[in-house]
Structure formats: structure tokens, C-alpha cells
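Heavy atoms only: backbone and side chains are in, while hydrogens, waters and symmetry mates are out. So you know, we letter chains A, B, ... as the sequences are listed, proteins then strands, and number each from 1.
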Protein chains: 2
Amino acid sequence: MEIPFATIERLATYLRCLRHLKDEKIKIISSADLATNTKTSPEQVRKDLSYFGRFGKVGTGYYVGKLAKKIEKILKKRKKWNVCIVGAGSLGSALARYGGFKDSGYNVVALFDNNPEKIGTKIGDAEIYDVKLLPEIVHEKKIDILALTVPKHALPGLKELLESSKVKGILNFVPLSLHLKTRRKAAVLDVDLAQKMYILSYLISNKEEQV
Amino acid sequence: MEIPFATIERLATYLRCLRHLKDEKIKIISSADLATNTKTSPEQVRKDLSYFGRFGKVGTGYYVGKLAKKIEKILKKRKKWNVCIVGAGSLGSALARYGGFKDSGYNVVALFDNNPEKIGTKIGDAEIYDVKLLPEIVHEKKIDILALTVPKHALPGLKELLESSKVKGILNFVPLSLHLKTRRKAAVLDVDLAQKMYILSYLISNKEEQV
DNA sequence: TCCTGTGAAGCAATTCACAGCT
DNA sequence: AGCTGTGAATTGCTTCACAGGA
């Protein structure tokens, strides 16, 4: 069966919510309550989950801890993933320090930059390496995911290094679409912060609902 | 006519691409080329634009500069928007320094924090204020959009201040859904960085296409 | 011929509505 | 009675296919 991409996005949101409920010591939740907390509908919650199994208890709801574990398993087969950040500017450093990654099992194990003053220093536990070493350190440290936070103008000079680095996924913060011609294509997710601003101002001007 | 939300998201992406083409001195682009650069289809590009008018020249394509201006007008009625950032931690500071906002006409005019050591200092041109002053400075500086970058645990204590601040839009980086009960509801866009990681690892594990 | 703009068709996602379990 | 799980109905988005202008 073909699973809608929107379902995957929502699963991640459900998981975030379940984590929070767990912290609050809430043990059971209904699809209705999970829906209000994640800005969707109860049917949507049930349908999304039904693609992967039957996790609920009829007449009761879902056990928070159990469901969280199930969704976690669906989204990330392995427990731990290694992440690196290319571009140790302010955004890259902020991501390296961002606690939300580690909490979710994504460990930032290295940063890369071309500035000699930064190379060799550390952010948290992660060292900043010369970006020229990218392919070998990706290999050495078994890095799965790469977050790209270099300035726009630095991207063309980086393409080759990126293409020869065997990461499996790229989280691209550079406001340009990234087209790599690697054989085993990496999954690329673009995150454009200015785009969000445009969307917000459109929503504001058209007095729309929350999204 | 009801315009799909996905269309709005894509328009912002087209705009980003057009800006880039303009920098490269490219004057004309076809829907096919715009599509490859933004990971969509030519029909989709044309359909998206057709919701708002007829901007192309049959047999030729679109004038890059002209189209960029049109899309800009669609997404943001006004030229300049004032933005503030609540939470001057590493992510908040990185956003304040992020050039992409200013380039797009979104000016960060203030930050807010509760740390007395930060209050009074500046990041770029923007001063860091005591978060207690949020409602009045929002009013005073005519702030439209608020980016929320406080740590998770600080959110509950902030709800009241947020509710009494008359911003029109909120870009929420806190990994919790934000529910405000203000009369004139602000538009809220959630940005969850860890969610992106989950999505990436799902895509990787299922060897899917770029998204 | 080349490329846009757009109704119509096709497809995918969401919502409805209810059967069935506890 | 309450709530899940799910086929069926519906809505809405995308793709098709082509008319028409340069």
C-alpha cells in the first residue's frame, strides 16, 4: 500500500505529542484528544495509524508509551542515527547545540567548515573539521544524515564534496534547491526559513486559519 | 476560488528560485525549467500561477523579474514586515543574524529574553528586551510576526504574554503545538526540526525519492 | 513550432459512517 | 456507552490534453 507523505509528517507530530504526554504522566489518550493536540481530525489519526497496524484498544484509546514506541519504530528503524552539520556559522552552531535532536536519538557527531579559525574547536561534544575531510569522516564516523547550513554562495563549491560523501539523507537549509547526481541518491529535505515567512504573511493577509 | 495551501508553499519556492535566476542575470524562464529547479511539474507551475492571473508569454515563457514581483505581491501585500524573536538562545540568535529574512523584506526589529545578562545587549541592529515588555514593544514597533525560539519548558509561563501581544503571525520553533485563545487568532506555523529528522530517516529506510 | 493557460479527467487524501470489540 | 478500525463516499489536488497566441 502507498502511504501518503502527509501521513509520515503527521506521525512525527503525533510522536512529539506523545512524548510530551508521557512527560506529563498521561497514560492513555483517545484519537480525539491526540487530534486536538496536533491540529488534525480523529479519523485522520486513526487512518494514519491504521496503515501500520492496530495500536489502539477499542473503547479505551491508545496507551501513550506503547504508541510512542510503535511510531518511533515506524519512522526510524534504528535507535541511533549519526548526524553532521556542514557550515559552522550561527545556524549550524545553533543546530549543533539544539537539544531536540539528541532527545530524539539523532546525535551530532561532527561539524565542518572552511574557516581555519574554527577548525579544531568544538561545539558541545562535536569537533569542527576541515570541510575537505567530509567524505572520509562521514565514512569513519558512520554518518547517516547531513545538515547543510552554509551560506548560499558557498554551495556551488561544495557540490563535489557532497556528492562524494556517502550520506543517506540531507537536511538542506540553503535557500536553493539541491540537485545531486549521485548514483545512490540521497533523500533531500529542503527547509527554507524565509519561505515560512512568506507563507505566514500570506495567511495573515488572507485571514486564514491556523495551519 | 479556494487556493490549495500547497500552491502557496510552492509559490514561495518559485519566488526563491526566481530571485536566484535574477542574480544570475537570467531574464526568461519556461514553466518546464522552473519546475525542474523547484522539484515539481510544468503543469503544476502553470496551474499554480493561473490561480492568480496570466503572467506568462505564450511561446516564450515568463519574464523572471516580472514574475518575481507578481509572486511577491501575492504572498506579501506589504513590502516590509517587522519581526521579533522571543528567546535569544542559540537558535533565536541565529535567526536574528540570518540574512535570508532581511533579503526578503522581513526585518528583525527586536528580541526578547528573560535572562538579565542578555537584556540590553544587541544582535545586529536589534536590541534584546525583557520579555515582560513584549506586548508594549510589539505595539510600539508595529511588529507583525513573532518567531518563538524558547526552550520547551518556558512555553507555559509565556502563554499569557503571547496572548496579550497583538502579533498577526507566529513562527513556532518550540516542539509543542501552540494553542492560543485570542479573539483575533494569530496564524501559527509550526516548524519542528526534529520532525524533519524523523521524516528523513523514514525516507532513507524506505529508499524513497527526494521530497 | 514552442509554450502558456485551462477545462476535464484521473488520482490521491480526507472525511463519513458504522460495524464490532470491551 | 465509548472508542477504534475501516470500507465507502467525498472532496480536493494534480495531471492530462489540447486550444490558441507568439
Write out a two-atom table: protein N or O, nucleotide N or O from nucleotides 20-22 of chain D, distance below 3.5 Å.
residue: D/dA22; atom: O4'; partner: B/Val58; partner atom: O; Å: 3.4

Identify, with sequence neighbours excluded, every residue that meets side chain to side chain contact (heavy atoms under 4.5 Å, CB included) alongside [X].
| X | answer |
| --- | --- |
| A/Ala96 | A/Ile85, A/Val108, A/Leu111, A/Ile123 |
| A/Ser50 | A/Lys47 |
| A/Pro135 | A/Leu161, A/Ser164, A/Ser165 |
| B/Glu163 | B/Lys159, B/Leu180, B/Lys181, B/Thr182 |

Rounded interatomic separation in angstrom, taking [atom1] from [X] and [atom2] from [N]:
| X | N | atom1 | atom2 | result |
| --- | --- | --- | --- | --- |
| B/Leu34 | C/dC3 | CG | P | 14 Å |
| B/Lys70 | C/dG5 | NZ | P | 12 Å |
| A/Phe52 | D/dT6 | CZ | P | 13 Å |
| A/Glu9 | C/dA13 | CD | P | 12 Å |

Which residues pass the side chain to side chain donor-acceptor pair (under 3.5 Å) test with B/Ser31, not counting sequence neighbours?
B/Arg46
Please identify each residue that fulfils ring-ring contact (aromatic ring centres under 6.0 Å, His included) with [X], with sequence neighbours left out.
| X | answer |
| --- | --- |
| B/Tyr14 | none |
| A/Tyr198 | B/Tyr106 |
| B/Tyr63 | none |

How would you list all residue pairs meeting side chain to side chain donor-acceptor pair (under 3.5 Å) that involve residues 75-90 of chain A, not counting sequence neighbours?
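Sorted result for residues 75-90 of chain A: A/Glu72-A/Lys76, A/Arg78-A/Asp144.
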Can you give me the bend angle of the helix from C/dT1-D/dA22 to C/dT22-D/dA1? Use the axis through the first five pairs and the one through the last five, nearest 10 degrees.
0°
Counting just side-chain N and O atoms, does A/Ser31 come under 4.0 Å of either OP1 or OP2 of D/dT4?
yes
Would one find a side-chain N or O of A/Arg54 under 4.0 angstrom from OP1 or OP2 of C/dC21?
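For C/dC21, neither OP1 nor OP2 has a side-chain N or O of A/Arg54 closer than 4.0 Å.
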Interface polar pairs with nucleotides 13-15 of chain D, N/O, under 3.5 angstrom:
residue: D/dT14; atom: OP1; partner: B/Arg10; partner atom: NH1; Å: 2.9
residue: D/dT14; atom: OP2; partner: B/Arg10; partner atom: NH2; Å: 2.9
residue: D/dT14; atom: O5'; partner: B/Gln44; partner atom: OE1; Å: 3.2
residue: D/dT15; atom: OP2; partner: B/Ser41; partner atom: OG; Å: 3.2

With the side chain defined as heavy atoms from C-beta on, A/Ser50 is closest, among D/dT6, C/dT6, D/dT4, to D/dT6
Is a donor on one side and an acceptor on the other found under 3.5 Å between the side chain of A/Asp33 and the backbone of A/Ile29?
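No, A/Asp33 side chain to A/Ile29 backbone: no donor-acceptor pair under 3.5 Å.
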Let me spell it out: for each of A/Leu49 and B/Arg46, pick the nucleotide of DNA chain D with the closest heavy atom. Which residue's pick is nearer the 5' end?
A/Leu49
Fit a plane to each ring of A/Tyr129 and A/Phe112, take the angle between them on a 0 to 90° scale, and name the class: parallel (under 30°), tilted (30 to 60°) or perpendicular (over 60°).
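Judged by the thresholds at 30° and 60°, the geometry between A/Tyr129 and A/Phe112 is tilted.
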